[in-house]
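Notes follow once the structure below has been shown.
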Amino acid sequence: MHENANSLVILDFETTGLSPTNGDRAIEIGAVRIENGEITDKFQSLMNPGFRISSFIEQYTGISNQMLTKAAACDEVMDKFADFIGDDNLLAHNASFDKKFLDSELDNIARNYRGEFICSLLVSRRINLDAPNHKLGTLIRYKDIASDGAFHRALFDAEMTAKLWLNMLGDIEEKINHEFVPFELIKTLSKTPKNGVSKLLAAW
DNA sequence: TGCCAGGCCCTCTTTAGGGCCTT
């Protein structure tokens, strides 16, 4: 783990599709940094993938081809984003998706990161047992978290994921004998079968 | 031409299939 275990970068990509191995690219990155329970920094940028995006993605995200022609290239934006995340640990909602795009885009420019990825979706499935489902928008409503903006834009989704995360940390804190939730506990929790979660939290 | 993601997790499971999530 890196030096500042209290600092976490919560990120969200908008992309041209689901799979970088099929040629999909990132078109927007949004991220916030939280330290000691507060948002202390943010990053947002559109990026030009070098080809036209589908009308489905234009509609889904509200990001148009016209907006992207004016944006900086992916390589340029991702270089700045690699500086932003530094060595912080990382979190995303369904992290396996954002991780594969982060890895792919950073591979293109020979950049890297040293932080560890954790996933708010995997944690939610273990602690929000009564939620109707674990989509980001559903969980925001389920938790009564105020949201005023457009889902499926990168910075808004990153901000909402951060609020959801802080809310879930509060729930976990109430169940353990710690003043804060250790990163190691989150990693263990993410791999614990649902029926073992109560016992795990009680043991901390 | 025709193909078109993949990790997690449950179950009527493990010699597998399918739903959930992300764009």
Side-chain angles (χ1 to χ4, degrees), chain A residues 8-32 43-68 71 74 77-78 81 85 90-108 116-143 145 147 149-165 167-168 186-200:
Chain A
L8 183 68
V9 168
I10 297 175
L11 62 98
D12 183 71
F13 279 107
E14 304 306 315
T15 70
T16 64
L18 292 172
S19 174
T21 55
N22 274 7
D24 286 318
R25 298 293 302 268
I27 57 174
E28 186 180 39
I29 179 67
V32 299
F43 186 101
Q44 185 275 331
S45 184
L46 291 170
M47 56 188 118
N48 189 338
F51 55 89
R52 289 183 63 81
I53 62 173
S54 69
S55 55
F56 171 80
I57 293 296
E58 284 189 315
Q59 251 182 341
Y60 187 81
T61 63
I63 298 167
S64 67
N65 278 290
Q66 190 179 13
M67 290 160 71
L68 292 177
C74 292
V77 172
M78 291 306 300
F81 186 61
I85 62 179
L90 305 167
L91 179 147
H93 197 68
N94 199 15
S96 67
F97 176 85
D98 293 279
K99 182 178 188 301
K100 67 187 178 182
F101 276 95
L102 181 65
D103 290 352
S104 170
E105 293 293 346
L106 291 185
D107 269 356
N108 289 339
E116 295 182 72
F117 242 112
I118 53 175
C119 177
S120 52
L121 172 64
L122 294 183
V123 173
S124 178
R125 282 179 175 156
R126 287 164 172 79
I127 68 169
N128 294 319
L129 301 180
D130 295 331
N133 61 58
H134 299 274
K135 292 175 186 173
L136 179 60
T138 301
L139 291 170
I140 293 298
R141 286 191 297 277
Y142 173 73
K143 289 287 193 176
I145 295 168
S147 69
F151 281 105
H152 305 306
R153 285 301 298 268
L155 181 59
F156 184 76
D157 281 4
E159 285 171 336
M160 290 300 106
T161 302
K163 287 184 182 180
L164 173 65
W165 183 245
N167 185 300
M168 291 199 294
I186 297 300
K187 287 200 296 177
T188 306
L189 177 62
S190 301
K191 292 182 282 190
T192 300
K194 243 187 232 178
N195 61 11
V197 168
S198 299
K199 194 184 255 184
L200 171 73

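What you see is a predicted model, and the numbers here were worked out from it, not measured in a lab.
We find the CG-NZ distance between A:Leu91 and A:Lys99 to be 14.0 Å, quoted to the nearest 0.5 Å. Taking CG from A:Asp12 and CZ from A:Phe151, the interatomic distance works out to 11.0 Å, rounded to the nearest 0.5 Å. With values rounded to the nearest 0.5 angstrom, A:Met160 atom CE is found 5.5 Å from A:Ser147 atom OG.
The distance from atom CG of A:Leu164 to atom P of B:dC21 is 13 Å, rounded to the nearest whole Å. Here B:dC9 presents its P atom at 11 Å from NE2 of A:His134, a figure rounded to the nearest Å. Between the P atom of B:dC21 and the CE atom of A:Met160 lies a distance of 19 Å, rounded to the nearest Å. Nucleotide B:dC8 holds its P atom 10 Å from the CG atom of A:Asn94, rounded to whole Å. Atom-to-atom, CG of A:Leu18 to P of B:dC3 comes out at 18 Å; the value is rounded to the nearest Å. Nucleotide B:dT22 holds its C1' atom 17 Å from the CZ atom of A:Arg153, rounded to whole Å. Taking atom CG on A:Asp157 and atom C1' on B:dT22, their separation rounds to 10 Å, with Å as the unit. As a whole-Å value, the separation of A:Lys194 NZ from B:dT11 P is 8 Å.
Counting heavy atoms of neighbouring residues, nucleotides and ligands inside a 6.0 Å radius, atom NZ of A:Lys135 does not exceed 12 of them.
If you check every strand for non-hydrogen atoms under 4.0 Å, A:Asn195 touches nothing. Residue contacts shown for A:Phe13 are limited to sugar-phosphate atoms, with no base heavy atom under 4.0 Å away. A:Leu122 comes within 4.0 angstrom of the backbone, heavy atoms only, and of no base. Using a 4.0 Å heavy-atom cutoff across all strands shown, A:Asp24 reaches no nucleic acid atom at all.
Without hydrogens or angle criteria, A:Glu105 side chain to A:Met78 main chain gives no donor-acceptor distance under 3.5 Å.
Nearest-nucleotide positions on DNA chain B for A:Lys191 and A:Lys100 put A:Lys100 closer to the 5' end. Remark on DNA chain B: of its neighbouring residues A:Leu136 and A:Ser96, the 5'-side contact belongs to A:Ser96, judged by nearest-heavy-atom nucleotide.
Comparing atom distances between the A:Asn133 side chain and each of B:dT22, B:dC4, B:dC21 picks out B:dC21 as nearest. In the set B:dT22, B:dA5, B:dT23, the nucleotide with an atom closest to the side chain of A:Glu14 is B:dT23. You'll find that the side chain of A:His152 is closest to B:dT23, out of B:dC21, B:dC4, B:dT23.
For B:dC21, the OP1/OP2 oxygens have no side-chain nitrogen or oxygen of A:His93 closer than 4.0 Å. Taking side-chain N and O atoms only, A:Thr21 has a distance below 4.0 Å to OP1 or OP2 of B:dG6. Contact check, A:Arg25 against B:dT23: no side-chain N or O comes under 4.0 Å of OP1 or OP2.
For B:dT23 and B:dA16, the P atoms lie 31 Å apart once the distance is rounded to whole Å. The C1' atoms of B:dG19 and B:dC12 are separated by 15 Å, rounded to the nearest whole Å. With C1' as the reference atom, B:dT14 and B:dC9 are 14 Å apart, rounded to whole Å. Atom name P, nucleotides B:dC20 and B:dC3: the rounded distance is 25 Å, in whole Å. Rounded to the nearest Å, the gap between the P atom of B:dG17 and that of B:dT1 is 31 Å. Taking the P atom of each, B:dG18 and B:dG2 are spaced 24 Å apart, rounded to whole Å.
Contact detail for A:Leu164 and A:Ile145: the closest heavy-atom pair is CA-CD1, 3.7 Å. Taking each heavy atom of A:Leu8 and A:Ile118 in turn, the nearest pair found is CD1-CD1, 4.3 Å.
The aromatic rings of A:Phe13 and A:Phe101 are tilted relative to each other, their planes meeting at an angle between 30° and 60°.
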Item to check | Test side-chain hydrogen bond (donor to acceptor under 3.5 Å, both in side chains) applied to A:Asp24 and A:Thr15, step by step | outcome: CA-CA 7 Å; A:Asp24 286 318; A:Thr15 70; over 6 Å; no
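A heavy-atom distance below 4.0 Å to DNA chain B is reached by these residues of residues 57-65 of chain A, ordered by number: A:Ile57, A:Tyr60, A:Thr61.
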